[in-house]
Asks: 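Starting off with a structure, shown below.
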Amino acid sequence: VTKVGLIGGFNGWSEADEPSFTYNATDNVWESPVISFDGSSGWLVRLNKSWDYKYGGAVASTDIEGGFELSQGGSDIPSPEAGSYIVKLHTNRTPFVIEYVKQ
């Protein structure tokens, strides 16, 4: 994996405007830049800018409080309530888990 990104309603599904995650080695998690969600549009995680490696769905995680489990090829992930967030992607578990950190 060379790139972890988000694409969805928050950026008009624009591949050119897909924000990239950075890896936080201290916390062993991938983190997005601050993203403004409108509270109504879905989105997906993509690896290497490929639709073949998209992750979606949003089953509540029993592992990470407030997190959501993702599945490869899953449906759009519902946006959190309107506001600015950092999205954290936990890839050190199966299934992957995302969590929203409100800013």
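Note that these values count all heavy atoms, side chains included, but never hydrogens, waters or copies made by symmetry. As the structure is a computational prediction, the values presented were derived from the model and not from experiment.
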Asks: Which word best sums up how the rings of Tyr100 and Trp43 line up, parallel for under 30°, tilted for 30 to 60°, or perpendicular for over 60°?
Replies: perpendicular

Asks: Roughly how far, to the nearest 0.5 Å, is CD1 of Ile35 from CD of Gln103?
Replies: 10.5 Å

Asks: Identify all side-chain donor-acceptor contacts of residues 11-20 below 3.5 Å with residues at least two apart in sequence or on another chain.
Replies:
| residue | atom | partner | partner atom | Å |
| --- | --- | --- | --- | --- |
| Asn11 | OD1 | Gly8 | N | 3.1 |
| Asn11 | OD1 | Trp13 | N | 3.1 |
| Asn11 | ND2 | Ser14 | O | 3.3 |
| Asn11 | ND2 | Asp17 | O | 3.1 |
| Ser14 | OG | Ala16 | N | 3.4 |
| Ser14 | OG | Asp17 | N | 3.3 |
| Ser14 | OG | Asp17 | OD2 | 3.2 |
| Glu15 | OE2 | Trp51 | NE1 | 3.0 |
| Glu18 | OE1 | Arg46 | NH2 | 2.9 |
| Glu18 | OE2 | Arg46 | NE | 3.1 |
| Ser20 | OG | Lys3 | NZ | 2.1 |

Asks: Return the minimal non-hydrogen interatomic distance between Gly42 and Asp76, and the atom names on each side.
Replies: CA-CB, 4.1 Å

Asks: Would you mind reporting whether Val87 and Glu99 have side-chain heavy atoms less than 4.5 Å apart?
Replies: no

Asks: If you round to the nearest 0.5 Å, how far is OH of Tyr85 from OG of Ser36?
Replies: 10.0 Å

Asks: Working to the nearest 0.5 angstrom, can you tell me the gap between Tyr23 OH and Glu31 CD?
Replies: 10.5 Å

Asks: When rounded to the nearest 0.5 angstrom, what distance separates CZ in Arg93 from CD1 in Ile64?
Replies: 4.0 Å

Asks: Going by atom types only, do Asp38 and Ser40 share a side-chain donor-acceptor pair under 3.5 Å?
Replies: yes

Asks: List the steps, then state whether side-chain contact (heavy atoms from CB on, under 4.5 Å) holds for Val101 with Lys88.
Replies: CA-CA 8 Å; Val101 180; Lys88 292 187 176 187; 3.9 Å; yes

Asks: Does the side-chain contact (heavy atoms from CB on, under 4.5 Å) test come out yes or no for Leu89 and Tyr55, once each step is laid out?
Replies: CA-CA 11 Å; Leu89 177 65; Tyr55 288 80; over 6 Å; no

Asks: Going by ring-ring contact (aromatic ring centres under 6.0 Å, His included), name the residues that satisfy it together with Tyr53, two or more places apart in sequence or in a different chain.
Replies: none

